[in-house]
Amino acid sequence: MAIRKAHSQATVIKQILKRCSSLGRKRSVYDTEPQLPLDVPRGHFVVYVGEKRIRHVVPLAFLSCPEFQGLLQRAEEEFGFDHNMGLTIPCNEEVFRSLISMLRK
């Protein structure tokens, strides 16, 4: 069970990094990949949180934090990762902001 959980978390992190790997990449007219927003700095990614799906830009370093990995696990269970809406975190907005402020210290 622990091996499956670790494998699942590694898979989730790889999927997020793959989506974020085109940051800073020049796009051609023939590029079919969706364009990432210009306001997302290199080394960051976007998540949507809460009922109103508030947008947050968070550093990739958060992916190694167990608390953030727990949120990703919940997101995978509830929404999956194979959709175009962006990474949605099923968490109360205030709880998420509290966690983010704790992780930035």
Side-chain angles (χ1 to χ4, degrees):
M1 180 86 152
I3 293 173
R4 182 174 180 209
K5 184 177 181 181
H7 174 72
S8 178
Q9 288 177 346
T11 302
V12 167
I13 291 171
K14 285 179 185 178
Q15 288 175 346
I16 292 169
L17 289 174
K18 184 178 177 183
R19 288 182 182 181
C20 298
S21 66
S22 61
L23 288 174
R25 188 182 75 169
K26 292 184 179 179
R27 291 180 44 85
S28 76
V29 180
Y30 304 106
D31 196 350
T32 59
E33 291 288 318
Q35 188 170 6
L36 294 172
L38 296 175
D39 66 336
V40 179
R42 179 169 279 216
H44 290 72
F45 64 103
V46 175
V47 295
Y48 297 91
V49 180
E51 290 181 18
K52 295 182 180 180
R53 307 226 192 269
I54 305 297
R55 184 176 185 264
H56 292 271
V57 178
V58 296
L60 288 173
F62 285 4
L63 293 175
S64 63
C65 300
E67 299 86 358
F68 199 82
Q69 289 178 2
L71 290 177
L72 293 176
Q73 184 73 28
R74 286 182 56 200
E76 179 184 29
E77 291 169 0
E78 189 163 329
F79 303 116
F81 292 118
D82 191 24
H83 56 83
N84 295 327
M85 293 177 49
L87 182 58
T88 304
I89 305 288
C91 179
N92 179 287
E93 174 74 17
E94 291 179 24
V95 172
F96 184 80
R97 286 180 191 242
S98 176
L99 174 65
I100 295 304
S101 67
M102 181 189 76
L103 293 175
R104 291 187 185 204
K105 292 182 181 179

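Residue indices begin at 1 and follow the sequence shown. Being a predicted model, the structure only gives us computed values, none of them experimental. What's counted below: heavy atoms across the whole structure, side chains too, no hydrogens, waters or symmetry copies.
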Closest non-hydrogen contact found for Arg53 with Tyr48 is O-CD2, 3.6 Å
Over all atoms of both residues, closest heavy-atom pair of His44 and Val57: CB-CG1, 3.6 Å
For Pro90, give me all partners under side-chain contact (heavy atoms from CB on, under 4.5 Å), at least two apart in sequence or on another chain. Arg74, Ala75, Glu78, Phe79
Set of residues satisfying side-chain hydrogen bond (donor to acceptor under 3.5 Å, both in side chains) with respect to Glu77, sequence neighbours excluded: Gln73
Taking atom [atom1] of [X] and atom [atom2] of [Y], what is their separation to the nearest 0.5 Å?
X	Y	atom1	atom2	value
Leu99	Arg104	CG	CZ	10.5 Å
Glu76	Gln69	CD	CD	12.0 Å
Arg55	Thr88	CZ	OG1	12.5 Å
Leu87	Phe45	CG	CZ	6.5 Å

Looking at Leu72, Ile89, Ile100, Ile54, which one forms a side-chain contact (heavy atoms from CB on, under 4.5 Å) with Val47? Ile89
Below 4.5 Å, heavy atoms only, C-beta onward: do Phe96 and Val58 meet side chain to side chain? yes
Single-linkage hydrophobic cluster, 4.5 Å side-chain cutoff, Val95 and Met102 together: no
